[in-house]
Amino acid sequence: LQRSWRWSPDCLRLADDTARVARCKRLPPALEASLVQTAQALRAAAETAERATLGVVEQQCRDAKAALASIAARFPCSP
């Protein structure tokens, strides 16, 4: 059984971007924890998804990434 992770670039980007935003330490702790938990859960879902359901998981990753981008714009990292 092959893992579907390699076919899920949206979830990979979400995980990477969430980690980058969390490293800034600009978010309220509860919000940061929620974003990290969501990214980890979606990554796990992508790793175990069947081909038939991977599209749904990828859409959830795209939606979460859009929300992350909005939040990151409100709490930018200091240069």
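One-based numbering along the sequence shown.
- Under the 4.5 Å side-chain heavy-atom criterion for ILVMFWY residues, no single connected hydrophobic cluster contains both Leu42 and Val56.
- Side chains of Arg62 and Gln59: a donor on one and an acceptor on the other come within 3.5 Å.
- With contacts defined as side-chain heavy-atom distances shorter than 4.5 Å, the pair Val21/Phe75 does not qualify.
- Between Thr18 and Leu35 the shortest heavy-atom distance is CG2-O, 3.7 Å.
- Under a 3.5 Å cut-off, the side chain of Thr53 and the backbone N or O of Ala49 do not form any donor-acceptor pair.
- Judged by distance alone, with hydrogens and angles left aside, the side-chain atoms of Arg26 form a donor-acceptor pair with the main-chain N or O of Pro76 at under 3.5 Å.
- Between Cys61 and Lys65 there is no side-chain heavy-atom pair separated by less than 4.5 Å.
- Side chain of Ser70 to main chain of Ala66: no donor-acceptor pair is present (N/O by atom type, distance under 3.5 Å, no hydrogens or angles).
- Interatomic distance, CG of Leu14 versus CD of Gln40, reported as 10.5 Å (0.5 Å rounding).
- The cluster map of Ile, Leu, Val, Met, Phe, Trp and Tyr, joined by side-chain heavy atoms under 4.5 Å apart, puts Val36 and Ile71 in different clusters.
- A salt bridge is defined here as a Lys NZ or Arg NE, NH1 or NH2 lying under 4.0 Å from an Asp or Glu carboxylate O, and Asp17 with Arg20 meets this definition.
- For the pair Lys25 and Glu32, the salt-bridge criterion is met [side-chain N within less than 4.0 Å of a carboxylate O].
- Cluster annotation: Leu12 is not connected to Val57 through the hydrophobic network of ILVMFWY side chains, with a link wherever side-chain heavy atoms come within less than 4.5 Å.
- Shown here for Pro9 and Glu58, the closest heavy-atom pair between the two residues is CD-OE2, 4.0 Å.
- Taking each heavy atom of Leu54 and Ala46 in turn, the nearest pair found is CD1-O, 4.0 Å.
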If you apply the rule salt bridge (Lys or Arg N to Asp or Glu O under 4.0 Å), what do you find for Asp10 with Arg13, and how did you get there?
CA-CA 5 Å; Asp10 294 315; Arg13 281 192 293 273; 2.8 Å; yes
